[in-house]
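First up is the structure itself, then whatever we jot down about it.
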Amino acid sequence: QVQLVESGGGLVQPGGSLRLSCAASGFIVSLYAMGWYRQAPGTQRELVASMSDSGYAIYADSVEGRFTISRDNAKNTLYLQMDSLKPEDTAVYYCHWFFGNYWGQGTQVTVSS
């Protein structure tokens, strides 16, 4: 049974950092491309970062240089390190397994003073 469980969201001040985790079960994360998406109220879900099975990472222009996608193969977990957070980063963040088209339940990130 495939599951993606995100954690790590919360309230942070502008300029702060958060690390999101996506614990996967039912498949091996390192064998597939995966991504992080976000959706703010009234907007479409957008791709923030993705990582190929070989570890190649791609970022949206809006987060390039501030966010880092990574994975821990031993823990079968995908991460998103978010630094220098801005109020416009406020959204629900979802991890996604492209091949199986599975989504996590989402985790709220709020950047506000």
Side-chain angles (χ1 to χ4, degrees):
Q1 180 180 0
V2 173
Q3 277 194 312
L4 297 172
V5 180
E6 296 108 334
S7 61
L11 173 64
V12 64
Q13 291 187 341
S17 298
L18 284 174
R19 189 179 78 156
L20 306 183
S21 301
C22 174
S25 58
F27 70 102
I28 299 173
V29 167
S30 62
L31 297 182
Y32 299 94
M34 294 194 66
W36 284 98
Y37 285 73
R38 68 186 180 187
Q39 187 169 21
T43 69
Q44 290 189 328
R45 195 170 294 188
E46 63 171 345
L47 180 62
V48 172
S50 64
M51 175 173 278
S52 71
D53 56 344
S54 62
Y56 183 74
I58 298 175
Y59 299 93
D61 289 344
S62 58
V63 307
E64 180 79 53
R66 300 188 298 121
F67 290 11
T68 304
I69 188 171
S70 64
R71 65 188 181 212
D72 184 327
N73 296 342
K75 295 182 178 180
N76 210 38
T77 298
L78 184 74
Y79 299 100
L80 185 68
Q81 177 67 40
M82 305 185 296
D83 299 317
S84 302
L85 282 161
K86 304 175 181 180
E88 52 263 43
D89 295 318
T90 296
V92 178
Y93 285 71
Y94 301 89
C95 68
H96 181 52
W97 178 30
F98 295 111
F99 179 81
N101 196 26
Y102 280 87
W103 295 88
Q105 83 284 359
T107 186
Q108 176 71 47
V109 172
T110 303
V111 185
S112 175
S113 54

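What you see is a predicted model; the values in this text were computed from it and never measured.
Taking the centre of each ring, Trp36 and Phe67 stay at or above the 6.0 Å mark.
Residues meeting the side-chain contact (heavy atoms from CB on, under 4.5 Å) test with Asp72, sequence neighbours left out: Ala74, Lys75, Tyr79.
Residue pairs meeting the disulfide bond (SG atoms under 2.5 Å apart) criterion with at least one partner in residues 19-113, sequence neighbours excluded, are Cys22-Cys95.
Between the side chain of Thr107 and the main chain of Tyr93, no donor-acceptor pair closer than 3.5 Å is present. No donor-acceptor pair under 3.5 Å is formed between the side chain of Gln81 and the backbone N or O of Arg19. At least one donor-acceptor pair closer than 3.5 Å links the side chain of Glu6 to the backbone N or O of Gln105. No side-chain donor-acceptor contact under 3.5 Å links Asn76 to the backbone of Ser30.
Residue Leu31 qualifies as enclosed at atom CG: its count of foreign heavy atoms under 6.0 Å is above 12.
Counting only N and O atoms by type, the side chains of Ser112 and Thr110 include no donor and acceptor under 3.5 Å apart.
When the side chains of ILVMFWY residues are joined at heavy-atom separations under 4.5 Å, either directly or via intervening members, Tyr102 and Tyr94 end up in two distinct hydrophobic clusters. Val2 and Leu78 fall within a single hydrophobic cluster, where Ile, Leu, Val, Met, Phe, Trp and Tyr are joined by side-chain heavy atoms under 4.5 Å apart, directly or via other members. Note on Val63 and Val109: same hydrophobic cluster, where clusters join Ile, Leu, Val, Met, Phe, Trp and Tyr whose side-chain heavy atoms are under 4.5 Å apart, directly or indirectly. Side-chain heavy atoms closer than 4.5 Å link hydrophobic residues (I, L, V, M, F, W, Y) into clusters, and following such links, possibly through other members, connects Leu18 to Tyr59. Neither Ile28 nor Trp103 shares a network with the other; the hydrophobic side chains, linked directly or stepwise wherever heavy atoms of I, L, V, M, F, W or Y lie under 4.5 Å apart, form separate groups for each.
Scanning all heavy atoms of the two residues, the minimum distance from Asp53 to Arg71 falls at O-NH2, 2.6 Å. Listed here is the closest heavy atom pair of Leu85 and Arg66: CA-NH1, 3.9 Å. Among all heavy-atom pairs drawn from Gly35 and Phe98, the shortest one is N-CE1, 3.5 Å. When all heavy atoms of Gln108 and Thr90 are compared, the pair lying nearest together is NE2-CG2, 4.0 Å.
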Tabulate below the donor-acceptor pairs under 3.5 Å that side-chain atoms of residues 40-48 make, not counting sequence neighbours, or state none.
| from | atom 1 | to | atom 2 | distance (Å) |
| --- | --- | --- | --- | --- |
| Thr43 | OG1 | Ala40 | N | 3.2 |
| Thr43 | OG1 | Ala40 | O | 2.7 |
| Arg45 | NE | Gln39 | OE1 | 3.3 |
| Arg45 | NH2 | Gln39 | OE1 | 3.4 |
| Glu46 | OE2 | Arg38 | NE | 2.7 |
| Glu46 | OE2 | Arg38 | NH2 | 3.3 |

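Met34 has its side chain within reach of Val29: a pair of non-hydrogen atoms, C-beta onward, lies under 4.5 Å apart. Put simply, the side chain of Met82 does not reach to within 4.5 Å of the side chain of Asp89, judged on heavy atoms.
Between Trp97 and Phe99, the angle of the ring planes lies from 30° to 60°, which puts this pair in the tilted group.
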